[in-house]
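Encoded as structure tokens, the structure appears first; notes follow it.
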Amino acid sequence: MAQLFDKSGISSIELSNRTVRSATWTGTGDERGFVTDLTCEFYNRLSRGGVGLIISGYQYVMPNAIQLPHMIGNYDDAQVPGLKKLAETVHAGGGKLVGQIVHTGFRANPKLFPQEGEIWAPSEINDPTVKHKVKAIPKNQILDLIQAYANAARRLKQAGFDGVQLHGAHGYGINQFLSPCWNQRGDSYGGSLSNRYRILGETLEAVRGEVGSDWPIMIKLSGADFVEKGMGIGETLEVGKRLADDGIDAIEISGGSASSPKNQGPVRTKIVQDNDEAYFADLAAQFKENVKVPIIAVGGFRSLQKIEEIIKNNIADYVSMARPFIREPRLVNRWLGGDISRATCISCNGCFETGLKGMGISCKIDRETAASGNS
Ligand SMILES: Cc1cc2nc3c(=O)[nH]c(=O)nc-3n(C[C@H](O)[C@H](O)[C@H](O)COP(=O)(O)O)c2cc1C
Ligand code: SF4
């Protein structure tokens, strides 16, 4: 029976336990998306806190893919030295680091790249979350998009990262191609599931071609889109099986997007009691049963008891968290040290505020406590 604090491995990465820091935008990049000292400080704290694997915040693979301010970019070889410094920082702290890469498709923010081209989507879309004009990406530019992912993965490997995670969830570019609600193309990249999967299959092949056979390639997938005409578990499991056949090394199961109904997205609030936790665990369990690669469960984990239950009961191979590590970068070491009370994060999402202002994300509760002089 698997145990949370056992050693294990995903492809060539050796992991000291089965906890993962899920990808978290830190709002610490400079104007062009280069890694800063603030980025390294954030990851330095995290790498010393005992978490088995750290997945970086999403890195945009083309200038027209930036979504949030101060996002880290991975679209230019000049960014490799900063990424290298980040990987060295995490390794010096004893951590392992996988870089998450994304093209955000129609969720890109045109105000952040006024000179750098058009907003792409698989097809003309009618999504209430989008206020700007989008362009269906022409077939001949799909190859550029695939190559941008492959180049970004190559840069991560050059920089000394331990692997890459494709962002295939949360209604961003890959998810937009996979889902019939956003992909209404009439060519070989739209229509049937095989066609909607095509860009992902070709991206995986191109990335593998750049990084070789034994460097880990993972993906974060939405187990369900929680949006009308989106994918449900039937189609996402089919995607998972194809990815396994095509050589993916691990799949993290999330769900929903900014287009989902209130509190049905990936970053849910009101996780108050034990049974509010693990809100995508039922989706992860179905992947674990049907797709034979390591499965990572994410979404609302707060208590050691719940995490251990997921591992022992074979619902997933790994459990990842994002917000608990913003408040407590040393959470895993706290648990290992015997204080096994639940994570102190109250899931209010106040951590975005300072990130949006360019100061890096930080816990709102901690900020308020410090301001009231009670720290
Ligand atoms: C500040 C913040 C930034 C996030 N950035 C990313 C990201 O870059 N990529 C991603 O896949 N998910 C991102 N997420 C979602 C988390 O990875 C995770 O899926 C979600 O927060 C649920 O896990 P949690 O309940 O442990 O926070 C972010 C969440 C937060 C709160
Ligand atoms: S602000 Fe603090 S308590 Fe609120 S979600 Fe972020 S880390 Fe958790």
Side-chain angles (χ1 to χ4, degrees), residues 1-6 8-11 13 15-24 50-55 58 96 98 100 163 165-170 175 216 218-226 231-233 236-237 239-241 243-244 248-257 260 263-271 273-326 331-332 335 342-343 345 347:
M1 188 197 303
Q3 301 284 340
L4 181 62
F5 293 113
D6 282 353
S8 68
I10 296 179
S11 175
I13 321 183
L15 298 169
S16 58
N17 62 63
R18 293 176 181 272
T19 62
V20 178
R21 198 295 292 259
S22 199
T24 306
V51 64
L53 175 65
I54 298 171
I55 302 178
Y58 62 168
K96 297 285 163 74
V98 159
Q100 188 189 61
Q165 185 187 58
L166 307 175
H167 198 337
H170 304 174
N175 194 176
M218 311 179 184
I219 190 165
K220 190 170 187 177
L221 271 189
S222 286
D225 287 326
F226 299 98
M231 291 188 299
I233 185 71
T236 61
L237 274 182
V239 170
K241 287 178 194 162
L243 284 164
I248 202 78
D249 291 305
I251 305 180
E252 182 178 11
I253 301 302
S254 186
S257 69
S260 305
N263 221 24
Q264 295 291 295
V267 194
R268 299 184 183 180
T269 55
K270 303 195 180 82
I271 305 164
Q273 300 162 4
D274 290 359
N275 58 6
D276 302 324
E277 290 192 42
Y279 46 77
F280 297 128
D282 54 332
L283 298 170
Q286 297 195 59
F287 271 77
K288 177 69 186 150
E289 206 176 318
N290 292 289
V291 183
K292 300 298 161 210
V293 297
I295 300 298
I296 306 170
V298 68
F301 288 95
R302 299 295 178 265
S303 61
L304 181 60
Q305 188 196 346
K306 176 60 88 178
I307 295 170
E308 286 189 320
E309 204 179 289
I310 294 280
I311 304 295
K312 274 192 204 143
N313 295 341
N314 225 12
I315 289 169
D317 301 286
Y318 295 86
V319 167
S320 70
M321 290 172 279
R323 289 166 289 178
F325 291 122
I326 299 173
L331 177 60
V332 173
W335 284 341
R342 59 188 268 133
C345 168
S347 317

| Within-4.5 Å side-chain heavy-atom neighbours: Lys270 and Asp276 | no
| Ser260 (side chain) donor-acceptor with Gly265 (main chain) under 3.5 angstrom | no
| request: Would you mind reporting whether Ile271 and Glu277 have side-chain heavy atoms less than 4.5 Å apart? | output: yes
| field | Minimum-distance pair of heavy atoms, taken over all atoms of Leu283 and Ala224 | value | CD1-N, 3.9 Å
| From CA spacing to verdict: side-chain contact (heavy atoms from CB on, under 4.5 Å), Arg323, Val267 | CA-CA 9 Å; Arg323 289 166 289 178; Val267 194; 3.6 Å; yes
| Nearest non-hydrogen partners of Gly52 and Ser16, listed with the distance | CA-OG, 4.2 Å
| request: Could you walk me through whether Asp6 and Ser8 pass the side-chain hydrogen bond (donor to acceptor under 3.5 Å, both in side chains) test, one step at a time? | output: CA-CA 6 Å; Asp6 282 353; Ser8 68; over 6 Å; no
| Minimal non-hydrogen separation, Thr24 against Ala322, with atom names | OG1-CB, 3.5 Å
| Spatial distance of atom CD1 (Ile326) from atom CE (Met321) [nearest 0.5 Å] | 12.0 Å
| Side-chain touch Leu237/Phe287, heavy atoms, less than 4.5 angstrom | yes
| query | Just by modelled atom types, is the Pro324 backbone N or O under 3.5 Å from a matching donor or acceptor in the Arg302 side chain? | reply | no
| message | Using 0.5 Å steps for rounding, measure from the CD atom of Gln3 to the CD atom of Glu308. | response | 7.5 Å
| query | Of all heavy-atom pairs between Ala297 and Ala284, which one has the smallest distance, and what is that distance? | reply | CB-CB, 3.9 Å
| query | Atom CG of Leu166 and atom CG of Leu221: how far apart are they, to the nearest 0.5 Å? | reply | 9.5 Å
| note | Phe280 and Val298 have their tightest heavy-atom pair at CD1-O, 3.5 Å
| request: Compare all side-chain heavy atoms of Thr19 with those of Leu331 and state whether any distance is below 4.5 angstrom. | output: no
| Which residues share a ring pair (Phe, Tyr, Trp, His ring centres under 6.0 Å) with His167, sequence neighbours left out | His170, Tyr172
| About how many Å separate CD1 of Ile251 and CD of Gln165, when rounded to the nearest 0.5 Å? | 10.5 Å
| Lys306 vs Val319 side-chain heavy atoms within contact, under 4.5 Å | no
| Asn263 side chain to Thr269 backbone, donor-acceptor under 3.5 Å | yes
| Backbone N/O of Leu4 and side chain of Asn17: donor-acceptor pair under 3.5 Å | no
| field | Validation row: Glu252, Ile55 side chains within 4.5 angstrom (heavy atoms) | value | yes
| Between Ile54 and Phe325, is a side-chain contact (heavy atoms from CB on, under 4.5 Å) present by the stated rule, with each step listed? | CA-CA 10 Å; Ile54 298 171; Phe325 291 122; over 6 Å; no
| task | List the steps, then state whether salt bridge (charged side-chain N to carboxylate O under 4.0 Å, His left out) holds for Arg342 with Asp274. | result | CA-CA 10 Å; Arg342 59 188 268 133; Asp274 290 359; 3.1 Å; yes
| Asp317 side, atom CG; Ile295 side, atom CD1 - distance, nearest 0.5 Å | 6.5 Å
| message | Show, in sequence, the C-alpha distance, side-chain angles and deciding distance for Ile253 and Lys288, and conclude whether the side-chain contact (heavy atoms from CB on, under 4.5 Å) test is met. | response | CA-CA 10 Å; Ile253 301 302; Lys288 177 69 186 150; over 6 Å; no
| What are the two closest heavy atoms between Val291 and Gly240, and how far apart are they? | CG1-O, 3.5 Å
| task | Could you go through the side-chain contact (heavy atoms from CB on, under 4.5 Å) check for Leu53 and Met218 one step at a time? | result | CA-CA 12 Å; Leu53 175 65; Met218 311 179 184; 4.1 Å; yes
| Within 45 degrees of the axis of the six-membered ring of Phe226 and under 6.0 Å from its centre: does Arg268 put its NZ or CZ there? | yes
| field | Spatial distance of atom CD (Glu289) from atom CD1 (Ile315) [nearest 0.5 Å] | value | 10.5 Å
